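The shown structure was predicted, so the numbers you read here are calculated from the model rather than taken from an experiment.
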2 protein chains.
Amino acid sequence: MAARVDEVARRVDQLSRGLREAGLRLTHQRLEIVRVIAADETHPDVETVYRAVRERVPTISLDTVYRTLATLAERGLILRVLFTPGPARYDANPARHHHFVCTHCGLIRDVENADLDAIRPTAEVARIGRCDAISVQFRGVCAPCQSREATTA
Amino acid sequence: MAARVDEVARRVDQLSRGLREAGLRLTHQRLEIVRVIAADETHPDVETVYRAVRERVPTISLDTVYRTLATLAERGLILRVLFTPGPARYDANPARHHHFVCTHCGLIRDVENADLDAIRPTAEVARIGRCDAISVQFRGVCAPCQSREATTA
DNA sequence: ATGGGTGCAAATAATTTGCATACAA
DNA sequence: TTGTATGCAAATTATTTGCACCCAT
C-alpha cells in the first residue's frame, strides 16, 4: 500500500510543480483539486472531482474545477479522455499507457503493456502528419457487468 | 474513382439492409442520411450531416438526424467516435481500422494496417473483462496544420 | 390500418464566459 | 501591490425528450 501512497504523493508533487513552472499560482483550490485527481484512479469527471474537493473546500465552485482541470490538461500534466458519451473524464497517470473501456458501466481502466508501448506510427500515419502520442483502446464489458448481465438474463 | 463510387454504393446498401433487418423502416429521411454518411470520409458530426441532407430534404429536422445516427450506431452499423471535444462524430467505415486525430484542426483519418489489426487483448485486459473491439489512436498534427504553424510562427 | 418515425418545441446536460472581488506571489 | 484566480450567474453548445401528426410496411 505504501507504494500507492508514494505514487500519489509523487503525482501531487509533479502537478504542483508543473503549475508553478508554468508561472501559474498554486492556490488552495488548485492544490486540493490536484490531490483529488492524483489519488483517483477511476478517471473521474469534473462533477466527481468537484464533489470530492468540496469536502475539503466547501466553498469551491464547479467552474473552478472545470478551469483547473482544463489548465492541467492544456499543459499536458493530466489527460482529458473522451471515451464515452457524457462528461469528459481525466487521467492523472503520466506514464504512457492504454485503456480498457466498459461499454456497459463506463469503467475506464489503465492498461500497461510494453509491446503496446512499442507501436510506431505506420507509413500511412507518417504521410498524414506528425504523431505525438499513440494509444490503444480496448472496448468491451468488464467482469462485474458480465456477471450482472448473466443474472438479469 | 469507380472503386470509391462502388464502395459508397455498397455502404448505402449495407446500412439500408441493416435497418430493414432490424425491423426498422427505411424512410426517405433515413435513406438520405445514410447516403450522406456513406459518402463522407471526414467523420462528420450531426450538424454537418444535417446541412448536407437538407439540400435534398429541406424539411428534415435536426433531431431526426440525431435519432437516425444514434439508431445506426446502436445497431453497430456506423461508429460514434469521441476523439475531440465538441460534438460527437460518426464513421461509416465498417472495416476494422484505426485513427489519426489532428489535435489542431480536428481532422480524423482512418488508418488501415494489418499489424495493428493483429493486436490481441493482453493478459491484463483479459482479467478486466471481455474485449469486443481494439483500436489504435494516433494523435498529432496533420501536415497542412504543420505548414500553417511554420508560416504563422 | 397501425405502429414506428418525424417535426416542432421545450427540457436537460455539459461546458464556457463576463465581471467584480479576493488572494498568491 | 498587482495582476491572476475565484465565485457567481448567465450564455452557449450538445443532446434528449414529449407529443401530435404522418407514412412505410
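- Ion pair A/Asp13/A/Arg11 not flagged as a salt bridge, since none of the NZ, NE, NH1 or NH2 atoms sits closer than 4.0 Å to an Asp/Glu carboxylate oxygen.
- For B/Arg20 and B/Ala70, each mapped to the nucleotide of DNA chain D holding its nearest heavy atom, the one lying further toward the 5' end belongs to B/Ala70.
- On the nucleic acid side, DNA chain C contacts chain A at distances under 4.0 Å to non-hydrogen atoms, with the end points of that region at C/dA14 to C/dA25.
- At the heavy-atom level, B/Gln29 lies under 4.0 Å from the strands shown only through sugar-phosphate atoms.
- OP1 or OP2 of D/dT6 lies within a sub-4.0 Å distance of a side-chain N or O belonging to A/Thr27.
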Side chain to side chain contact (heavy atoms under 4.5 Å, CB included) assessment of B/His98 paired with B/Gln137: CA-CA 6 Å; B/His98 310 278; B/Gln137 192 186 117; over 6 Å; no

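- The residue among A/Arg67 and A/Val46 whose nearest nucleotide of DNA chain C lies closer to the 5′ end is A/Val46.
- With rounding to whole Å, A/Leu26 atom CG is found 13 Å from D/dT4 atom C1'.
- Between the C1' atom of D/dT6 and the CD atom of A/Glu32 lies a distance of 15 Å, rounded to the nearest Å.
- When the side-chain nitrogen and oxygen atoms of A/Arg30 are compared with OP1 and OP2 of D/dT6, one or more of them lie within a distance under 4.0 Å.
- Linking Ile, Leu, Val, Met, Phe, Trp and Tyr residues whenever their side-chain heavy atoms come within less than 4.5 Å places B/Ile60 and B/Leu19 in a single cluster.
- Nucleotide D/dT25 holds its C1' atom 14 Å from the CG atom of B/Leu19, rounded to whole Å.
- Between A/Arg10 and A/Asp6 there is no salt bridge, since none of the side-chain N atoms of the basic residue sits less than 4.0 Å from a carboxylate O of the acidic one.
- Rounded to whole Å, atom C1' of D/dT13 lies 8 Å from atom OH of B/Tyr66.
- Remark: B/Arg4 engages B/Glu41 in a salt bridge, criterion side-chain N to carboxylate O under 4.0 Å.
- Using a 4.0 Å heavy-atom distance criterion, A/Arg80 is classed as a sugar-phosphate-only contact.
- Comparing A/Asp63 and B/Gly23 by the nucleotide of DNA chain C that holds the closest heavy atom to each, the one mapping nearer the 5' end is B/Gly23.
- Taking atom OH of residue B/Tyr50 and atom C1' of nucleotide D/dA14, one finds them 15 Å apart after rounding to whole Å.
- Protein atom CG of B/Asp45 is 8 Å distant from nucleotide atom P of D/dA14, rounded to whole Å.
- Rounded to whole Å, atom P of D/dT13 lies 18 Å from atom CG of A/Leu82.
- A salt bridge is defined here as a Lys NZ or Arg NE, NH1 or NH2 lying under 4.0 Å from an Asp or Glu carboxylate O, and A/Arg89 with A/Asp91 fails to meet this definition.
- Salt bridge present: A/Glu32 and A/Arg35 bring a charged side-chain N and a carboxylate O closer than 4.0 Å.
- In this structure, B/Glu47 atom CD and D/dT12 atom P are separated by 16 Å, rounded to whole Å.
- Scanning atom types as modelled, one donor and one acceptor separated by under 3.5 angstrom connect the side chain of A/Arg25 and the base of D/dT4.
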